Amino acid sequence: MKKLFTTLSNIWKIQELKERILFTLLILLVYRFVSHVVLPGVDPTALDANEKSGILGILDMFAGGSFSRVSILALGVMPYISASIVVQLLGIAVPSFQKMQKEGESGRKKMNQITRYLTVAITIVQSVGYVKTQVPAEAILLPNTLFLVLSTFVLTAGTLFVMWLGEKITDKGIGNGTSLIIMTGIIARLPQAISQEFSARVGSASEGGGPVALVLEIVALFAVVMFTILIVQGVRKVPVQYAKKIVGNRQFGGVRQYIPLKVNAAGVMPIIFAQALMFIPGALMQFVPSLQGSWLVQFSNTTSLAYSLTFAFLIIAFTFFYTAITVNPTQMSDDMKKNGGFIPGVKPGFATSTFIDDVISKITFPGAVFLAIIAILPSLAVKFGIKQEFAHFFGGTSLLILVGVVLDTLQQIESYLLMRHYDGLMKTGRVTGRTGVPAASSNAAL
């Protein structure tokens with residue numbers, strides 16, 4: 001406990017870090033306040049208070065409940081995330097985007113500008129769909145056409161406002177702004193989830209189990225979080241030796257470093273892609289009522305064995321796919337060769353590329369299996385009698401985002417402390433970020 005207070009005192013002594021933390025908290029407070037503002041022309045008392053399920057439940061979780069409240073921030077940062085993913089994939093498949101990525105700072109600015117324009121287009125389309133499908137007709141106080149046009153403008157402006165808040169946090173705050181906003185939305189639902197679970201176990205509406213069952217659930221949640229941290233932080237260090245170069249009386253190079261290849265290089269993307277496919281059977285049954293009695297029913301039940309096995313298989317497949325398109329062993333080999341680096345015992349060039357690809361394949365499989373286990377844990381938690389709201393925190397996208405964002409933020413705080421010659425956040429070791437380099441700064445989103 002003394003170590004904790006000493007660390008907090010050291011954080012407060014660093015003026016820049018203190019200002020960045022306070023600025024981040026202020027922006028997140030503004031976001032949470034604005035997220036409760038309902039769309040103009042909507043009667044809040046006439047809104048459906050039922051909890052969203054399926055993909056709508058995930059969107060509502062990421063938006064911190066704004067989606068179900070018909071808030072002006074109902075779409076949150078999801079259009080921006082979608083646009084970023086599209087631009088990232090274009091950078092892999094389209095030569096002009098690949099060239100833009102290699103242009104340095106100017107190329108990055110062009111990519112960001114394209115992402116913003118694409119965000120506006122996606123938000124407009126999603127706004128129209130949201131107003132037509134998610135806002136009850138009895139809650140609309142304005143003429144339909146006027147309400148549709150007005151809401152489209154307001155929802156688009158709301159998404160751009162959230163995007164601007166995220167960029168401000170990244171520039172002047174601590175951590176990645178977009179990721180912190182998503183994390184805030186997820187965390188906002190935690191008190192309600194704990195309250196519901198407490199009532200179900202030991203409250204007036206108790207369904208059995210008592211305090212012992214609640215304590216066991218908390219212990220299980222702690223173990224799952226530790227397991228998730230292990231997966232997020234896991235890296236395979238490939239040693240790289242750089243050749244010595246003597247210029248005059250000075251020696252350059254000759255150092256030994258390592259390439260940190262992550263066990264889970266794909267992050268949460270495989271789960272997002274797999275979930276998108278798993279919602280197709282439910283959508284088909286809504287559009288074709290005759291299919292409601294068919295075999296597709298078992299794929300609309302998230303707790304069924306067929307759903308869990310198919311979901312896990314898709315996650316493993318998408319993990320390999322996304323890792324293959326984002327991690328380029330040939331490029332890594334070429335970069336090492338240009339800088340005079342080589343892997344001990346491996347010839348530079350094609351042999352190095354093949355070696356790195358083989359290592360990635362070996363570590364990706366266990367990483368994919370563990371990711372699939374984390375993804376289906378909420379379904380298993382529901383099977384054991386845990387409420388759906390609380391079960392969301394036992395795995396899946398929400399837990400991976402929470403763990404990843406917290407680690408990235410702590411990593412930045414750790415780097416500030418070490419630069420000022422203070423002790424880090426941990427008594428032993430260092431907080432390792434997604435790059436696998438101790439105390440290195442990172443701004444990776446999701």
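Just so it is clear, the structure is predicted and the values come from calculations on it, not from any experiment.
By the 4.5 Å heavy-atom criterion applied to side chains, Val94 and Ser96 are counted as neighbours. Under the 4.5 Å side-chain criterion, counting only non-hydrogen atoms from C-beta, Leu165 is in contact with Ile181. Side-chain contact between Val87 and Met100 is absent, with no heavy atoms from C-beta onward closer than 4.5 Å. Between Phe365 and Ser361 there is no side-chain heavy-atom pair separated by less than 4.5 Å.
With Thr184 contributing its side chain and Leu28 its backbone, the two residues share no donor-acceptor pair below 3.5 Å. In this structure, the side chain of Thr123 does not engage the main chain of Pro79 through any donor-acceptor pair within 3.5 Å. Judged by distance alone, the side chain of Thr170 and the main-chain N or O of Gly177 form a donor-acceptor pair under 3.5 Å. Using modelled atom types, one side-chain atom of Lys262 and one backbone atom of Val232 make a donor-acceptor pair closer than 3.5 Å. The backbone N or O of Phe67 lies less than 3.5 Å from a partner atom in the side chain of Tyr130, making a donor-acceptor pair. Using modelled atom types, one side-chain atom of Glu197 and one backbone atom of Lys387 make a donor-acceptor pair closer than 3.5 Å. The backbone N or O of Val37 lies less than 3.5 Å from a partner atom in the side chain of Ser71, making a donor-acceptor pair. Not a single donor-acceptor pair under 3.5 Å links the side chain of Ser195 to the backbone N or O of Pro191.
Taking a 6.0 Å sphere around NZ of Lys172, one finds it holds 12 or fewer heavy atoms contributed by other residues, nucleotides or ligands. No more than 12 heavy atoms of other residues, nucleotides or ligands lie within 6.0 Å of CZ in Phe370, so this atom counts as exposed by the packing criterion.
Residues Gln331 and Asp335 have side chains that bring a donor and an acceptor to within less than 3.5 angstrom of each other. With no hydrogens or angles considered, no side-chain donor-acceptor pair links Gln412 and Tyr416 at under 3.5 Å.
The shortest non-hydrogen separation linking Thr159 to Thr119 is CG2-CG2, 4.2 Å.
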